[in-house]
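Quick note: residue numbers are just sequence positions, from 1. Start at 1 and go down the list; that is how both ligands and their atoms are numbered.
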Amino acid sequence: MYLISPKRVFKGNKAWDKALPEISKLTKSPLIVGRSSATYPLRQKIIQDLNLFKIKTINESLHFDCCEEDLNRLYEISSRNNCDAIIAAGGGKVLDAGKILAHQLSIPCITIPLSASTCAGWTALGNIYSKQGQFIKDINLSSCPDILVFDYSFIKTAPTNTLASGIADSLAKWYESSITSSSSRDGLVQQAIQISRVLRDQLFLDSEEALTEYSVENVAWRNVIECNSLTAGLIGGIGGAKCRTAAAHAIHNAITQLQPKKKSLHGEIVGVGILIQLKLEELKNDNKLADQSIKQLVKFMKKLDLPTTIGDLGIDIFDNNNLEKIAYFTCRKESEIHFLPFSVNPEDIVKTISIFEGQKIAL
Ligand SMILES: [Zn+2]
C-alpha cells in the first residue's frame, strides 16, 4: 500500500482559518498534544479557536521526547476521555507522538507543524526515543494524517535555527536516496529521487535568503518552509522506505545514544551525518565526487550556521569511547546504513569519522 500524502493539506496564509470548519466535521472532543513553553501561546490560540467551533479539547503536553512513557500516559488519558481524534501541534517529536497515538487508538490525526524543522506533519512514520532523547526505533503507521494544517503565520513564530535544521534534514533526502536507490528499476522510486534533487537545488538557491529575511512575505522563505515540511514528506511517500534514509540518519540515530549536554535538533545532527556519509562513500565506494560535495555542503551549512562536525554537536569522539559507540550503533543489524550498496562495518565508521573529524576542510 502506498501512503503518499495526508488526506487534506491546508497551506499558506490563513490555512488554519480554512481548516477549522473541516476539523469540526472530523472531531468534537480531540486530545491536543504539544510540548514546549515557547509554543504555549500559539497552542492556546488553537484551543480557543477550536472551542469557538464547539470542539471540546483535552490538552496535554509531552514531558519528554516522543517516548513510550509519554505515549502510554497520553493513550490512557485519551481513552479515559473518549477522545475522538488527536491534534498534534508542535515540532517533529510532538507530531510523531500525535500520529503514533492516533494510530494506536484508531482515530483521526490532525497535524499542525509549528516549525519547518521536519516533514513529520506529512508522513506515515513515527520515531520513538527514550526519555533522554536516544533514538530507539521507527514505526510504520497505517496512514498519513487526515488533515495537515501548514499555516505560514504559525511557522513564522519558530526560531530560525529550526528552519536551518529542517534544511539539513531535507538535503538528506537526495544524498541518502540517490545512493541507496539509484539502481532501482521502479519508476516511482526514480521520480522520487529526481524530486529530491530538485528539492536540494531549491534549497541551495533559496535557503540563505530565507534565513536572512525570515518573513511570510519573502518567497524564498515560503519556498524553503514548504520544501522542508511538504515536499520532503511527499518524496518519502512516493519513494517508500529505501528513499528515506541511509547512513546520514543511521549516524544521527547513533549520535543520539551519547546524550550530549548540548541539545541539538534532529536536522542539525543529520546534516553532520550527510557529510560523514559522503566521506564513507569516498573511502569505501570510490566516489570521486564526494570530496567536492563535502566542500560544497560545508560552505553552505556554515552560511546557515549549522554544525559541520561531531565536535560542533558538543561531542568529543575520543572521550569515553564515543567513537566506538557511534560506530557500533551505526552498524547494528537493523540499521539503515545497510541500505548502502556496499558493506560497512564498525571499523569503517571509526576510520571514516577519525579522518573526517581530523580534517580541516579547506574552503
Ligand atoms: Zn530526518
Side-chain angles (χ1 to χ4, degrees), residues 3 65-66 88 90-100 111 113 115-129 133-141 144-145 148 158 161-181 192-193 195-196 199-200 203 207 224-257 263-278 297 301 304 306-308 310 313 329-330 334-337 339-340:
L3 302 170
D65 276 323
C66 176
K93 286 174 179 161
V94 167
L95 301 172
D96 274 5
K99 290 185 298 183
I100 295 169
T111 48
S115 77
S117 58
T118 72
C119 58
W122 183 288
T123 59
L125 277 176
N127 287 343
I128 304 249
Y129 293 83
Q134 298 158 295
F135 173 85
I136 297 176
K137 62 179 176 183
D138 50 32
I139 301 183
N140 291 307
L141 307 174
C144 292
L148 162 61
N161 66 327
T162 61
L163 184 61
S165 176
I167 292 166
D169 198 28
S170 299
L171 286 174
K173 296 278 178 219
W174 162 253
Y175 293 97
E176 295 191 300
S177 68
S178 59
I179 180 80
T180 55
S181 314
I193 294 171
I195 300 172
S196 75
L199 174 79
R200 180 202 64 176
L203 291 170
S207 291
V224 172
I225 61 165
E226 291 185 353
C227 279
N228 291 356
S229 300
L230 308 182
T231 319
L234 180 66
I235 292 165
I238 296 177
K242 284 193 175 180
C243 246
R244 289 191 186 109
T245 52
H249 274 81
I251 290 162
H252 159 277
N253 296 343
I255 288 174
T256 65
Q257 304 306 311
K263 276 274 172 197
S264 297
L265 296 169
H266 172 83
E268 292 174 331
I269 306 173
V270 170
V272 175
I274 299 172
L275 300 172
I276 296 169
Q277 177 184 311
L278 286 165
L297 268 180
M301 287 162 70
L304 307 189
L306 281 164
T308 58
I310 296 179
L313 299 170
F329 196 89
T330 301
E334 61 272 44
S335 170
E336 301 97 319
I337 198 141
F339 287 147
L340 290 172

A.B. asks: Ignoring hydrogens and angles, tell me if any N or O in the side chain of D96 forms a donor-acceptor pair with the backbone of N127 under 3.5 Å.
C.D. replies: yes

A.B. asks: Restricting to N/O/S atoms, is H266 within less than 2.8 Å of the Zn ion (ligand 1) or not?
C.D. replies: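 An N, O or S atom of H266 is closer than 2.8 Å to the Zn ion (ligand 1), so yes.
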
A.B. asks: What residue among C227, S178, C119 forms side chain to side chain contact (heavy atoms under 4.5 Å, CB included) with K173?
C.D. replies: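 By the side chain to side chain contact (heavy atoms under 4.5 Å, CB included) criterion, K173 pairs with just one of C227, S178, C119: C119.
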
A.B. asks: If you consider just the N/O/S atoms, which atom of D169 is the closest one to the Zn ion (ligand 1)?
C.D. replies: OD1

A.B. asks: Taking side chain to side chain contact (heavy atoms under 4.5 Å, CB included) as the test, write out the residues that go with L234, two or more places apart.
C.D. replies: I4, W122, I238

A.B. asks: Strictly under 2.8 Å, is any N, O or S atom of H249 next to the Zn ion (ligand 1)?
C.D. replies: yes

A.B. asks: Please identify each residue that fulfils ring pair (Phe, Tyr, Trp, His ring centres under 6.0 Å) with H252, with sequence neighbours left out.
C.D. replies: H266

